[in-house]
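What follows is a short report on a single structure.
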Amino acid sequence: MSDRKSPVTLKIILIGSSGVGKSSFMNRYVNHRFTNMYRATVGTDFLSKTINIDGEAVTLQMWDTAGTERFQSLGTPLYRGAHCCMLVFDVTSAASFSALEEWRKEFLIQGEPQDPQHFPFIVLGNKTDLSHREVSVSKAQHWCGQVGADYFEGSAKEDLDVEEPFLKAARGGLQQYKKHTLENTGHFQITCKQPRETRNTCEC
Ligand code: GTP
Ligand code: MG
């Protein structure tokens, strides 16, 4: 019996500076809720959602990280085994956009994806409902072109274009899963390079 009948679980990591709206975007997507109140994420949190991709059930396990812990090792293999990484910035904050380069580098160092050149990155510009924009679409797209990422933007607050980036993440993550996780194991398992004794975030 094949265990492919149960949905494939894809690990999607959301990273980016504090206050850009990572938690809000994820909450809007999964729970269809939004609040103007800011409560900084402490440590990490994850939400799951099962969707259908071309007739295949896929569970997205979305890891929401704390922006304030930027560039610091969390001491856990958090980024390892990720199938897609979403780099989130605020379109009204040039600083949050500039920081993406560091976030990306840090992900590649800590996450150690098997094929970094082809690892799926999604860049997400949030807060398009606000008028005082500091990062243009063309500027964001230009950088994405340089690093080989897909660009999306939207608003968690106004529920604008929230689904598309996650769909793209699911597609990219599924490809990653089929190429690396399945090829390596022959069956469903989240790839984890950490020795078994010290794993604490993977189910494998
Ligand atoms: P950390 O957990 O500290 O890393 O922050 P975060 O990236 O998770 O940001 P969070 O989702 O907590 O949002 C920060 C603030 O921005 C909150 O006050 C949200 O209400 C607000 N916010 C989030 N998304 C939007 C949006 O699309 N538009 C507007 N106008 N505000 C937003
Ligand atoms: Mg948060």
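When a ligand or atom number is given, it counts from 1 through the structure's own listing order.
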Which of the numbered atoms in ligand 1 are below 4.0 angstrom from a heavy atom of Ala40?
2 (O), 3 (O)
How close does the nearest protein non-hydrogen atom get to atom 2 (O) of ligand 1, and which residue and atom is it?
Thr41 N, 2.8 Å
Evaluate whether atom NZ of Lys168 has more than 12 neighbouring non-hydrogen atoms of other residues, nucleotides or ligands under 6.0 angstrom away.
no
For atom 9 (O) of ligand 1, closest protein heavy-atom neighbour:
Gly21 N, 3.1 Å
Parallel, tilted or perpendicular for Phe119 and Phe107, by the 30°/60° rule?
tilted
Winner among Phe34, Tyr38, Phe25, Phe89 once heavy atoms are compared against atom 1 (P) of ligand 1:
Tyr38
Taking distance alone, with no angle check, do Asp64 and ligand 1 share an N/O pair under 3.5 Å?
no
Indicate the ring-plane relationship of Phe89 and Tyr151, choosing parallel, tilted or perpendicular according to the 30° and 60° boundaries.
parallel
Going through the checks in order, is the salt bridge (Lys or Arg N to Asp or Glu O under 4.0 Å) test met by Arg171 and Glu56?
CA-CA 11 Å; Arg171 285 185 192 281; Glu56 193 167 351; over 6 Å; no
So is there a nitrogen or oxygen of Ala66 less than 3.5 Å from a nitrogen or oxygen in ligand 1?
no
I need the minimum non-hydrogen distance between Pro120 and Gln176, along with the two atoms involved.
CD-OE1, 3.5 Å
Show the numbers, then the answer: is there a side chain to side chain donor-acceptor pair (under 3.5 Å) between Tyr38 and Ser23?
CA-CA 10 Å; Tyr38 175 35; Ser23 304; over 6 Å; no
At less than 2.8 Å, would any N/O/S atom of Thr41, backbone or side chain, sit next to the Mg ion (ligand 2)?
yes
Where is the nearest protein heavy atom to atom 5 (O) of ligand 1: which residue, which atom, and how far?
Gly19 N, 2.9 Å
Asn52 versus Val58: any side-chain heavy-atom pair under 4.5 Å?
no
Look at Ser18 and state whether any of its N, O or S atoms is less than 2.8 Å from the Mg ion (ligand 2).
no
Given side chains that start at C-beta, do those of Arg33 and Arg28 come closer than 4.5 Å, heavy atoms only?
no
When distances are taken from atom 20 (O) of ligand 1, the protein heavy atom at minimum range is Thr35 O, 2.8 Å
Have a look at Lys127, Arg39, Glu153 and point out the one with the heavy atom closest to atom 22 (N) of ligand 1.
Lys127
Could you identify the single nearest non-hydrogen protein atom to atom 24 (N) of ligand 1 and state the distance to 0.1 Å?
Asn126 ND2, 3.0 Å
In the protein, what heavy atom is nearest to atom 13 (O) of ligand 1, and what distance, to one decimal place, separates them?
Ser24 OG, 3.5 Å
Under 4.0 Å from a heavy atom of Ser23: which atoms of ligand 1 are those, numbered in the order shown and with their elements?
8 (O), 11 (O)
Distance under 4.0 Å to a non-hydrogen atom of Ser155: what atoms of ligand 1 satisfy this?
27 (O)
Where is the nearest protein heavy atom to atom 18 (O) of ligand 1: which residue, which atom, and how far?
Asn36 O, 2.9 Å
Please say which of Ile13, Leu10, Ile122 ends up in a side chain to side chain contact (heavy atoms under 4.5 Å, CB included) with Cys84.
Ile122
Out of Arg133, Gln141, Lys127, which one pairs with Glu153 under the side chain to side chain donor-acceptor pair (under 3.5 Å) rule?
Arg133
For atom 28 (N) of ligand 1, find the nearest protein heavy atom and state the residue, atom name and distance (0.1 Å precision).
Asp129 OD1, 2.7 Å
Will you find, in the side chains of Glu101 and Trp103, an N or O donor that is under 3.5 Å from an N or O acceptor?
no
Quick one: which ligand 1 atoms are inside 4.0 Å of a heavy atom on Leu130?
30 (N)
